[in-house]
Amino acid sequence: MDCLELRPNHLRAIRCQEPVTGLTHGFYRYPARFSPQLASAVIEAFTEPGDLVLDPFCGGATTLVEAAAAGRQAIGADISPLAVFLARAKTVPLASRSRSVLRSWAQRSARVNLRTPVACHSEPWKQLGYQRHLNCRKTWPIRKSLELLLERVHDLRAKRLRDFARCIILRSGQWALDGRRSPPSAGAFRHRFLCFAEEMLDGMAEYVTAARTNGPGLKHPRSFLLAAEDLQSKSRLFSGRPPKLVLTSPPYPGVHVLYHRWQVAGRRETPAPFWIAGALDGYGESHYTFGGRKSGFERVYFSSLRTTFGSLREISDRSTLFVQVVGFSDSQRQLPRYLRALRSIGLEEVIPAQAGRSRRRRVRRTVPNRRWYTNQPGDSRSAREIVLFHRLSGGGAGA
């Protein structure tokens, strides 16, 4: 139970502050994604090839990508259709011939003309509000470019190719719109679209090579539109085998994260990423963050935390290691409560030994350039994360 040890190279990787790059990680800047170096180090340290790795809040699929690249089996779940779309686009392997088809498609599609009439595909999304704040003088050329590119997606027969094409468009749209006061010109957008297509196809080739080298014959990760607390009822997904590692980053208490919107034209929120991904969304912030930041949020948050990890406990056993990357708006007060909540459902914290140190300390890391907001104005403590390690307590085993 307490024999975990982190080597110096693992600690350096966990605390790495380098930009997120490599494999398929750069396909989209998903909020709250954690470092691939961290995921890789934890997977290497605590699993063996062929072991099952689970991420019940898979988000941008960092865990799934690194697990597959290391020859592990992986399963991810998330309540966001956008997250599940991204997980599949980033982890479904594409052969060389499929990548060539996509490269040709991107080159043809980039020759869009803003004078071309738009077909009816976008009209239902427009009526449902998915193009909100994209019709002003500055943003309409990008919106029109996105519409025309999405029409070209239907030229591709296979769903896996259409998903990848949508992901290229999504990454391009995020670059052009999210967090910008003044979007680029349509010409600059088309250029970046082609650049992103090449980068992403190269990243997919790197991912396929790594997965085949380290785990020939293994299936690509599976991802599901599913709340973490519902995984117990879907135990058949695990074929009766408990995960060796649960590596995840759950919502942070009191931290505001826009998982489901872009901010355009002066921080106006738009649900456009769901339209581009072809995924419906009708929820607000609280749906994705265990209750948001409203008065009394902590009661809802810790109740949801107990329910979720109680369900995860039932599909795990004493060999399962839970590793969580968590940030707090007020760690001095919230961390003890967080640990008590997990202890109440049978998860005990394990503080790993660190080579060369006699005292055991929790592993902490700082995230540079974070654009999140806590429920305490002016507070930046959410940029400091804690890596928590847990196992089932001695009170009994799970599945």
Side-chain angles (χ1 to χ4, degrees), residues 6-47 49 51-76 78 83-94 164 167 170-171 174 196 199-215 218 220-221 223 243-250 257 259 321 323-327 363-370 383-389:
L6 288 172
R7 298 175 182 174
N9 62 312
H10 295 146
L11 280 171
R12 286 193 297 270
I14 288 173
R15 291 171 174 151
C16 179
Q17 296 185 13
E18 294 179 5
V20 175
T21 58
L23 302 176
T24 59
H25 295 302
F27 281 22
Y28 186 77
R29 291 184 291 108
Y30 193 83
R33 61 182 179 168
F34 52 75
S35 159
Q37 291 88 344
L38 182 155
S40 177
V42 171
I43 291 167
E44 176 189 301
F46 303 116
T47 66
D51 282 345
L52 177 60
V53 178
L54 168 66
D55 188 346
F57 303 93
C58 68
T62 302
T63 294
L64 307 188
V65 172
E66 287 298 328
R72 276 64 166 173
Q73 305 254 15
I75 293 177
D78 206 287
V84 175
F85 165 80
L86 287 167
R88 291 172 179 168
K90 293 169 73 172
T91 61
V92 173
L94 297 179
F164 196 96
C167 199
L170 183 69
R171 179 69 185 94
Q174 185 183 44
F196 285 132
E199 290 174 11
M200 291 168 66
L201 288 167
D202 288 345
M204 174 56 70
E206 182 186 358
Y207 168 77
V208 169
T209 298
R212 287 178 177 172
T213 300
N214 296 316
L218 291 179
H220 65 78
S223 49
K244 185 65 176 295
L245 174 67
V246 177
L247 173 58
T248 194
S249 185
V257 183
Y259 292 103
L321 178 65
V323 181
Q324 304 169 66
V325 182
V326 193
V363 180
R364 299 173 186 267
R365 63 188 304 268
T366 300
V367 184
N369 304 318
R370 174 160 287 174
R384 294 194 287 276
E385 297 172 329
I386 302 175
V387 184
L388 297 173
F389 298 79

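All residue numbers in this chain count up from 1 along the given sequence.
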Quiz item: Taking atom OH of Tyr207 and atom NE2 of His220, what is their separation to the nearest 0.5 Å?
Solution: 8.0 Å
Quiz prompt | Matching residue for Val53 among Val246, Thr248, Thr47 - test: side-chain contact (heavy atoms from CB on, under 4.5 Å) | solution = Thr47
Quiz item: Yes or no on side chain to side chain contact (heavy atoms under 4.5 Å, CB included) for Val326 and Ile386, after CA distance, side-chain angles and deciding distance?
Solution: CA-CA 5 Å; Val326 193; Ile386 302 175; 5.5 Å; no
Exercise. Determine, stepwise, if the pair His10 / Glu44 fulfils side chain to side chain contact (heavy atoms under 4.5 Å, CB included).
Key: CA-CA 9 Å; His10 295 146; Glu44 176 189 301; 3.2 Å; yes
Quiz prompt | Exam field: side chain Asp78 to backbone Val84, donor-acceptor pair closer than 3.5 Å | solution = no
Exercise. Go through the steps to decide whether Val387 and Val42 satisfy the test side chain to side chain contact (heavy atoms under 4.5 Å, CB included), and finish with yes or no.
Key: CA-CA 10 Å; Val387 184; Val42 171; 5.6 Å; no
Quiz item: Closest heavy-atom contact between Arg72 and Asp51?
Solution: CB-O, 3.5 Å
Quiz item: Can you find a pair of side-chain heavy atoms, one from Val20 and one from Thr62, that are under 4.5 Å apart?
Solution: no
Quiz item: Closest approach of Ser249 and Phe57, non-hydrogen atoms and distance?
Solution: O-CB, 3.8 Å
Self-check item: Expected output: side-chain Lys90 to main-chain Val65 donor-acceptor under 3.5 Å
Solution: no
Quiz prompt | Donor-acceptor contact below 3.5 Å, side chain Arg364 vs main chain Arg384 | solution = no
Quiz item: Of all heavy-atom pairs between Met204 and Leu94, which one has the smallest distance, and what is that distance?
Solution: SD-N, 3.7 Å
Quiz item: How are the rings of Phe164 and Phe27 set to each other: parallel, tilted or perpendicular (split at 30° and 60°)?
Solution: perpendicular
Quiz item: Donor-acceptor pair, Glu206 side chain versus Leu23 backbone, under 3.5 Å?
Solution: yes
Exercise. Scan Leu6, Leu38, Val325 and name whichever one has a side-chain contact (heavy atoms from CB on, under 4.5 Å) with Val363.
Key: Leu6
Quiz item: Under 3.5 Å, is there a donor-acceptor pair between the side chain of Arg171 and the main chain of Phe196?
Solution: no
Exercise. Identify the two heavy atoms, one from Leu247 and one from Thr63, that lie closest to each other, and give their separation to 0.1 Å.
Key: O-OG1, 3.4 Å
Quiz item: So, the side chain of Asp55 versus the backbone of Gly76: is there a donor-acceptor pair under 3.5 Å, distance only?
Solution: no
Exercise. Looking only at non-hydrogen atoms, find the nearest pair between Glu66 and Ala39 and report the distance.
Key: CG-CB, 4.0 Å
Exercise. Might you point out which heavy atoms bring Ala67 and Ile43 nearest each other, and give the distance in Å?
Key: N-CD1, 3.6 Å
